[in-house]
Structures are given as C-alpha cells and as structure tokens.
Amino acid sequence: MKSISLRLMILSLLIVSCTPDTTDTSDSTNSEINNKKSKKTARYVQSLNSLNPISPENPANMYDLAGKLHNDILDIYLSGNYQYNTIEEISQQIEAIAAENNDLMILNVGTDLPINLDLVQEIINNPQAALDEAIVNSIMTNAAKSSLSSFMNDVLLWENNPYEEIYQSIVTYESAVMTNPEYNGEDKRIILTTSSIVRYSIYYDLIDKDKDWDTSKGHRVGGLSGAIYNSSIAVRRSLVTGIMINNLATE
C-alpha cells in the first residue's frame, strides 16, 4: 500500500514539473507563428504599395495643370509613333495636338508666342548656358531667380532617388514658394509652372517605364524658358525640346 502511494506521489510530481515546460513551448510556438504572419502581412502591404505608386499630382500647386497637360500631350504624341527628326516637324505636331486640348487654354494667359525653334536648338546645344540666360534675363525678382536656379540644380542631384523622395522634395519646395512673401505673382507662376512640369515629367520617366521617354536637363530648361512668357508655352516648348533630345539619344 505504501509502495502504491509512493508511486502516485512520484507520478504527480512528474506531471506538475512538466506542465510549465509544455506551456512555455506552446507560447514560443504561438509567438513564432504570429511573427511569421506579421512578416507575411508586411510583405503583402509592401507589394500592394509597389503596385500603386505615388501620383505626380499636387493640388496645392495652382499651376499643377501644366504638368498634367505635359504628360497628356506627350502620351498622345508617343502613341502616334511619329518619325519626325527635326525641331520644326516635332513643333508642328505638338502644336496640332495642343490645339485640340481645350484645357491648355486655361494656361494661355499673358503673352502667347509660337515656339522659338532657334531657342530650342540653343537649349539642346547647351542646356546650362540656356538655363542661366533664361533666369538672368527674366522679369523675376532676384530672390526668385536665385531660388529657381538652386531648384533646377537640385533636381540633377535627385535623379537617382526613388520617385517618392523626388516628389516629396518638389512639393516641399513648392509649399515654400507659395508661402514666401518675397515672391510676387509672376515669380510664383513661373516657378510653380516649372516645378509642376519637372514633377510630372520625372514621374513619366521613372514610373511609366513602358513609355519610350527619358527626361533631361534640356527638356526641363525648355519648360522654364517657356514659363517666363506663358504657362502654355512652357508645356509646348518643354515637349518639343525633350522629344528632340530623346530622338538624338536613340539615333
């Protein structure tokens, strides 16, 4: 009888001593499973984000339409598979497409001039010299000239960054421009038109990779030089300059 009682006591002790270990193992397993689920969910969310890249829009910029129309007209031109190899031919086709776009008339405020083909060639030959000359000879205040010049140089440094970072840098700059009391209305129109075209054209290059298009410094300078006169000219001149530069690069 004593032998049986002793065995029962030993068995009870073994059961009690094993219980915590079993519980610990169960908790560890559950924790591992939860961690794996969390990591899987994180990868899923990341994949969804990669399928839905950031939009190039910035509604806060009152001249955001300039960049949007730039991409819309570029889309139509590239879809046409035109084989034009001269600035004049490209300009004529861009003007024809632009004439069919009623929204472009919204930007057609102030002096409206035809695309200056000689100036486009000068930009292609020496983008930096054309950039400096356009800013120096503009009607902008000195503070705005210095700001826009710095912005255009900064864009070159951002070219290898992810678009999300480039976008954030541009909209941060635009916000600073819009709230700067030193800039007059024309300063802001020229800068914000230029930055809008830059923002949208880089998006077209980096995100719409199925399109045969590479943005360039000359293309951006074309937009800036056009913006000095008219936001509509900025769109058309940037397109003509950029398309011609792309054609030369693929020859």
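No experiment lies behind these values; they were computed from the predicted model shown.
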Exercise for review: Report yes if the side chains of Ile197 and Arg220 come closer than 4.5 Å at any heavy-atom pair, otherwise no.
Suggested key: no
**Study point:** Heavy-atom check, side chain of Val177 versus side chain of Leu148, under 4.5 Å
**Key:** no
Check your understanding: Where the side chain of Ser146 meets the backbone of Ala143, is there a donor-acceptor pair that is under 3.5 Å apart?
Key -> no
Exercise for review: Dump the intermediate steps for side chain to side chain contact (heavy atoms under 4.5 Å, CB included) on Trp158 and Ile202, then the final yes or no.
Suggested key: CA-CA 10 Å; Trp158 301 335; Ile202 294 177; over 6 Å; no
Check your understanding: Rounded to the nearest 0.5 Å, how far does OG1 of Thr193 lie from CG of Asn230?
Key -> 8.5 Å
Review point. Atom CD1 in Ile228, atom CD1 in Ile233: separation rounded to 0.5 Å?
Key: 10.5 Å
Point to revise | Which atom of Leu104 lies closest to which atom of Ala98, heavy atoms considered | key: CD2-CB, 3.5 Å
Check your understanding: Who are the salt bridge (Lys or Arg N to Asp or Glu O under 4.0 Å) partners of Asp72, not counting sequence neighbours?
Key -> Lys68
Point to revise | Under 3.5 Å: donor-acceptor pair, side chain of Glu89, backbone of Asn85 | key: yes
**Study point:** Backbone N/O of Tyr200 and side chain of Asn71: donor-acceptor pair under 3.5 Å
**Key:** yes
**Study point:** Under the ring-ring contact (aromatic ring centres under 6.0 Å, His included) test, residues paired with Tyr77 that sit two or more places apart
**Key:** Tyr82
Exercise for review: Look up atom NE2 in His219 and atom CG in Asp205, then write down how far apart they are to the nearest 0.5 Å.
Suggested key: 9.5 Å
Review point. Is Arg199 salt-bridged to Glu174, going by a charged N under 4.0 Å from an acidic O?
Key: yes
Practice item. Look at atom CG of Asp103 and say whether more than 12 heavy atoms of other residues, nucleotides or ligands are closer to it than 6.0 Å. Key: yes
Review point. In terms of heavy-atom contacts, does CD of Glu182 have more than 12 from other residues, nucleotides or ligands at under 6.0 Å?
Key: no
Review point. Between the side chain of Ser238 and the main-chain N/O of Val235, is any donor-acceptor distance below 3.5 Å?
Key: yes
Practice item. Please check if any side-chain donor atom of Ser147 sits under 3.5 Å from a side-chain acceptor atom of Tyr173, or the reverse. Key: yes
**Study point:** Nearest-0.5 Å distance that lies between atom CE in Met178 and atom OH in Tyr183
**Key:** 12.5 Å
Review point. Do you know the tightest heavy-atom contact between Val120 and Arg237?
Key: CG2-CG, 4.1 Å
Exercise for review: Indicate the atoms forming the closest heavy-atom contact of Leu224 with Ala134, along with that distance.
Suggested key: CD2-CB, 3.9 Å
Exercise for review: Using a 4.5 Å cut-off on heavy atoms from C-beta on, say whether the side chain of Tyr84 contacts that of Gln93.
Suggested key: yes
Review point. Is atom CD of Glu133 surrounded by more than 12 heavy atoms (other residues, nucleotides or ligands) closer than 6.0 Å?
Key: no
Practice item. Evaluate the side-chain proximity of Met140 to Asn184: yes if any heavy-atom separation is below 4.5 Å, no if none is. Key: no
Check your understanding: Counting N and O atoms only, with roles assigned by atom type, does the side chain of Ser225 sit under 3.5 Å from a partner on the main chain of Gly222, one being a donor and the other an acceptor?
Key -> yes
Point to revise | Main-chain N/O of Ala176 paired to Asn180 side chain as donor or acceptor, under 3.5 Å | key: no
Check your understanding: If we only count heavy atoms from C-beta on, is the Ser169 to Thr172 side-chain gap below 4.5 Å?
Key -> no
Review point. Any side-chain heavy-atom pair from Ile191 and Tyr63 closer than 4.5 angstrom?
Key: no
Review point. What distance do Ile245 atom CD1 and Ile123 atom CD1 have between them, rounded to the nearest 0.5 Å?
Key: 8.0 Å
Review point. Would Leu239 and Thr241 count as a side chain to side chain contact (heavy atoms under 4.5 Å, CB included) if you check the C-alpha gap in whole Å, the side-chain angles of each, and the deciding distance to 0.1 Å?
Key: CA-CA 5 Å; Leu239 286 167; Thr241 307; over 6 Å; no
Check your understanding: Looking only at side chains, do Ser231 and Arg189 share a donor and an acceptor under 3.5 Å apart?
Key -> yes
Exercise for review: For Ser195 and Leu192, work out which heavy atoms get closest and say how close.
Suggested key: OG-O, 3.1 Å
Practice item. State whether a side-chain donor-acceptor pair under 3.5 Å links Ser196 with Asn61. Key: no
Practice item. Output every pair passing side chain to side chain donor-acceptor pair (under 3.5 Å) with a member in residues 117-126, not counting sequence neighbours, ordered by first then second residue. Key: Gln121-Asn125
Check your understanding: Is any side-chain heavy atom of Asp75 less than 4.5 Å from a side-chain heavy atom of Tyr204?
Key -> yes
Point to revise | Approximate separation, where rounding is to 0.5 Å, of Ile243 CD1 and Leu248 CG | key: 12.0 Å
Study note, to complete from the structure: Heavy-atom closest pair (Ala234 atom, Ala227 atom, distance to 0.1 Å) is CB-N, 3.4 Å
Practice item. Mind listing the closest non-hydrogen atom pair of Tyr163 and Ile207 along with its distance? Key: CB-CD1, 3.9 Å
Practice item. Indicate, with yes or no, if Tyr167 and Leu156 share a hydrophobic cluster defined by side-chain heavy-atom contacts under 4.5 Å among Ile, Leu, Val, Met, Phe, Trp and Tyr. Key: no
Review point. Which is it for Ile166 and Tyr203 under the side chain to side chain contact (heavy atoms under 4.5 Å, CB included) test, yes or no, and what are the steps along the way?
Key: CA-CA 9 Å; Ile166 298 174; Tyr203 175 89; over 6 Å; no
Review point. Going by heavy atoms in the side chains, are Asp187 and Ile139 under 4.5 Å from each other?
Key: no
